[in-house]
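Per chain, numbering begins at 1; letters A, B, ... match sequence-line order.
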Number of protein chains: 2
Amino acid sequence: MPTISVENYLKAIYHLEQQGEEGGLVKNKAIAEKLEISLPSVTSMLKSLADNGLVVYERYKGVKLSPDGCSQALNVIRKHRLIELFLVETLQYTWDEVHSEAELLEHAVSDKLAAKIDAYLGFPDSDPHGDPIPSVDGQVRVSSAIPLNQCSPYCTAIIKRVLNQSPELLRYLKELGLVPGSAVDVVSVQAFDGQMNLSVNSTQGETSAIITAQTASCILVLPQ
Amino acid sequence: MPTISVENYLKAIYHLEQQGEEGGLVKNKAIAEKLEISLPSVTSMLKSLADNGLVVYERYKGVKLSPDGCSQALNVIRKHRLIELFLVETLQYTWDEVHSEAELLEHAVSDKLAAKIDAYLGFPDSDPHGDPIPSVDGQVRVSSAIPLNQCSPYCTAIIKRVLNQSPELLRYLKELGLVPGSAVDVVSVQAFDGQMNLSVNSTQGETSAIITAQTASCILVLPQ
DNA sequence: TTAAAAAGTTAGCCAAAACTAACAAGGCAA
DNA sequence: TTGCCTTGTTAGTTTTGGCTAACTTTTTAA
Ligand SMILES: [Mn+2]
Ligand SMILES: [Mn+2]
Ligand SMILES: [Mn+2]
Ligand SMILES: [Mn+2]
């Protein structure tokens, strides 16, 4: 069984692969920053992961997950997201609190417990942030949602996912009704800085919100 | 924050203190056996725990928990038992499955999560095995329950607790209706080996059971 | 009372996973 | 093209928590 540290590396590499361009290797520096660990520590762990067949490591270039490493990463991510949703559904956690709890629990939850949680929740396909929950066999539903900052005025869209775990940002978005399931109308966009003026249709009714392009880029939507 | 290993030692020492005689020190050997770790490893950990003020360690004699060590042990035990009950109550785990899950989860559950689980369960005072759940401030309800093998014929008693985590034994006892809450009548006791002939009044109705003195010693009851 | 067995300690080893300091390679801009 | 800055690697150290082998202390039983 992989250690907690190994699981965290695999997860980090998986996430960095997702956001990097197709087929590109993940740089050591990016892993070091994500995990807040020194570069030499990363180099030495990557060698060890490579020795164990979990990654393909090219000296001075970077790494990518092997099929085995990828499925292990997905198994941890699956647990993470199931735990997040479970905490929200059963214990009244809010969506800004669950990430840090899940970050530890993901390494202590057995496959059996994950399966029970999955069944209890009715085999959900996404967590409280709209992140897809990988299936037991490592399938991840793909979505055609796009960042909200890429929407033009008069566009109407449904929020599908929020790509950020910062509790502050999440509380701010919740305040504005900008959560998965809400509908947004793009009222106007500032030409020079991309600031967006939105009309939001959430469970709290119809409200308006003005957010930066930066913030909008974390919000994935499906235009209607 | 203590490591997982330190938490496991503190818990083991606490449990061994409970079963040893009043005021006696816990022997290194007992810890080694309980944790399935070599004696030298135990010696070295005890020194380190003593350096950190978690135990009082007397060379060649044994250890006892310091007040600080005791409260840390109780906090882990509290989490363990809350988790066990939570798994049974919400996820249809059976009482023989929960111990091993809780053994890992107890180290990953935050104080905050423990408090939420506690509230969700309605501030229970015992886990599925009848083990008392320590309060946040380290209070443990004492019970005057006695081992069933100390009961005489014609005695009627209510089962309060089962002092054994073996899945096999637990499944066997469940089968016989010998679970906390059931009422037992001692029909007869074999003179030479203490084997007990019982009449059991459980949720499954009135049944009879014959168990060894050894098995009966794990079952704590309150005579009526 | 004393010798053997059991329990405990010391010394020395290892692995995992972190770190810093020093050096090497790669990439970019002048 | 060259030089510098960034990135990556190597070497060596630390901490934690295991281990075995060898020795010492304590306990037990003859
Ligand atoms: Mn994690
Ligand atoms: Mn999430
Ligand atoms: Mn444990
Ligand atoms: Mn229990």
Residue pair D118(B) / P124(B), side-chain heavy-atom distance below 4.5 Å: yes
Any L148(A) side-chain heavy atom under 4.5 Å of I159(A) side chain: no
Would one find a side-chain N or O of [X] under 4.0 angstrom from OP1 or OP2 of [N]?
| X | N | answer |
| --- | --- | --- |
| R59(A) | dT7(D) | no |
| K47(A) | dT9(D) | no |
| S48(A) | dA16(C) | no |
| T3(A) | dA16(C) | no |
| S41(B) | dC19(D) | yes |
| T43(B) | dT9(C) | yes |

Tell me: [atom1] of [X] to [atom2] of [N], nearest whole Å?
| X | N | atom1 | atom2 | result |
| --- | --- | --- | --- | --- |
| E36(B) | dC19(D) | CD | P | 10 Å |
| L46(B) | dG17(D) | CG | P | 12 Å |
| I37(A) | dA18(C) | CD1 | P | 4 Å |
| K29(B) | dT9(C) | NZ | P | 13 Å |
| N28(A) | dG27(C) | CG | P | 13 Å |
| Y60(A) | dG27(C) | OH | P | 12 Å |
| I4(A) | dA16(C) | CD1 | P | 15 Å |
| M45(A) | dA17(C) | CE | P | 4 Å |

Check ion pair K29(B)-E33(B) (N to O, under 4.0 angstrom): yes
Residue met sooner reading DNA chain D from 5', once Y9(B) and K27(B) are mapped to nucleotides: Y9(B)
K11(B) atom NZ: more than 12 heavy-atom contacts under 6.0 Å: yes
Sugar-phosphate only, base, or nothing, as touched by S5(A) at under 4.0 Å among non-hydrogen atoms: sugar-phosphate
Sugar-phosphate only, base, or nothing, as touched by K61(A) at under 4.0 Å among non-hydrogen atoms: nothing
Which residue lies more 5' along DNA chain C, comparing V26(B) with S44(A) via nearest heavy atoms: V26(B)
Under 3.5 Å donor-acceptor, H99(A) side chain and W95(A) backbone: no
